[in-house]
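Reminder, nothing fancy here: chain letters follow the sequence lines and each chain counts from 1.
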Amino acid sequence: MKIATWNVNSLRVRLPHLLDWLAARAPDVVCLQETKCEDATFPAAELRSAGYCALHHGQRSYNGVAILSRSEPRVACRGIPAFADEQSRVIAADVDGVRVVSVYVPNGQSVGSDKYGYKLRWFEALAAWLATELAAHPNLAVLGDFNVAPEDRDVHDPLAWEGKIHVSEPEREALRRVVAVGFADAFRLFEQPEKSFTWWDYRMGAFRRKMGLRIDLALLSPALAGACRSCTIDLAPRKLERPSDHAPVLCELALG
DNA sequence: ATGGTAGAAACTCTA
């Protein structure tokens, strides 16, 4: 199974890139974030024509997450159960014996802001829920935009970013508590190039200057981590005209 | 020096 995650920053705008990318990489499952559309305007027919089923948890203008799959998925939930959230940030589904979760963690805006508090509370709810999910589903994959760079090597300039949003210690601790539920960061299961990032600001030519962060992650349960054969960041779509500010991350799983 | 760009939507917010 090839499973991927991509923050597309508007599915409507990025649909041509997504369709080209699906044809080029042929993933079996794709977690999307920031679809920025309501369910009524989700391009299900275009994706179906490309060979993909889709489940969407949409929202007007902001957020929105989806799971695309070649096999028919069975929806598990939209949102974190028992966590009231007006924002569409989680969808989970069962696909070919794997429970797949697409997550869009709150950005947090700036350290100490109201949105930062919401981000930390959101992470806490995610960790509590995933503990119960992992207990019930040995094949569990949680992919998405976590809006936290786990370590300094995931940051182009750790000194410049020190203490800032995406990097602050409370955010990293919150992410560690999610990982400590029992996941592996799939990217770090393998030797990787230095300065591997998944997001670059649109401004100041950040992508060209390799000024990025690795904030899009694939967290795998022990069973799936043992089956993981590769995890790579695909820079090609970020080089196109009018790209998403995020690159897709792709994992290959050897499932029996 | 607090800039710059992009998306959605509606003259501003979010990232």
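B/dA1 and B/dC11 have their P atoms separated by 32 Å, given to the nearest Å. With both ends at atom C1', the span from B/dA9 to B/dC13 equals 9 Å, rounded to whole Å.
Rounded to whole Å, the distance from CG on A/Leu240 to P on B/dA6 is 14 Å. Between the CH2 atom of A/Trp199 and the C1' atom of B/dT14 there is a distance of 13 Å, rounded to whole Å. To the nearest angstrom, P of B/dA15 lies 13 Å from CH2 of A/Trp122. Distance OH (A/Tyr116) to P (B/dA15): 15 Å, rounded to an integer number of Å. When the C1' atom of B/dC13 is taken as reference, atom CD of A/Gln109 falls 9 Å away, rounded to whole Å. With rounding to whole Å, A/Ile165 atom CD1 is found 14 Å from B/dT14 atom P. Whole-Å rounding puts the A/Asn9 CG to B/dA9 P distance at 13 Å. In this structure, CZ of A/Arg12 is placed 13 Å from P of B/dG7, rounded to the nearest angstrom.
Using a 4.0 Å heavy-atom criterion, one finds that A/Tyr104 contacts the sugar-phosphate atoms exclusively.
Between A/Leu11 and A/Thr41 the shortest side-chain heavy-atom distance does not fall below 4.5 Å. Using a 4.5 Å heavy-atom threshold, the side chains of A/Phe207 and A/Phe197 count as separate.
Classified by interplanar angle (parallel below 30°, tilted 30° to 60°, perpendicular above 60°), the ring pair A/Trp199/A/His166 is tilted.
When the nearest nucleotides of DNA chain B are assigned to A/Gln87 and A/Asp201 by heavy-atom distance, the more 5′-ward of the two goes with A/Asp201. Nucleotides of DNA chain B nearest to A/Arg60 and A/Gly108 differ in position, and the one nearer the 5' end is that of A/Arg60.
Checking B/dA15, B/dG7, B/dA9 against every side-chain atom of A/Tyr62, the shortest atom distance belongs to B/dG7. The side chain of A/Ser10 has B/dA8 as its nearest neighbour among B/dA8, B/dA6, B/dA15. Side-chain atoms of A/Asn107 lie closest to B/dA15 of the nucleotides B/dA15, B/dG7, B/dG4. Comparing atom distances between the A/Arg203 side chain and each of B/dA8, B/dT14, B/dG4 picks out B/dG4 as nearest. For A/Met204, counting side-chain heavy atoms from C-beta on, the closest listed nucleotide (B/dG4, B/dA10, B/dG7) is B/dG4. Comparing B/dA8, B/dA15, B/dT5 against the side chain of A/Lys115 picks out B/dA15 as the nearest.
No more than 12 heavy-atom neighbours from other residues, nucleotides or ligands sit within 6.0 angstrom of CD on A/Glu124.
Here A/Arg242 does not reach the OP1 or OP2 of B/dT5: none of its side-chain N or O atoms lies under 4.0 Å away.
Listed by first then second residue, pairs satisfying salt bridge (Lys or Arg N to Asp or Glu O under 4.0 Å) with a partner in residues 205-226 of chain A read A/Asp154-A/Arg214, A/Asp185-A/Arg214, not counting sequence neighbours.
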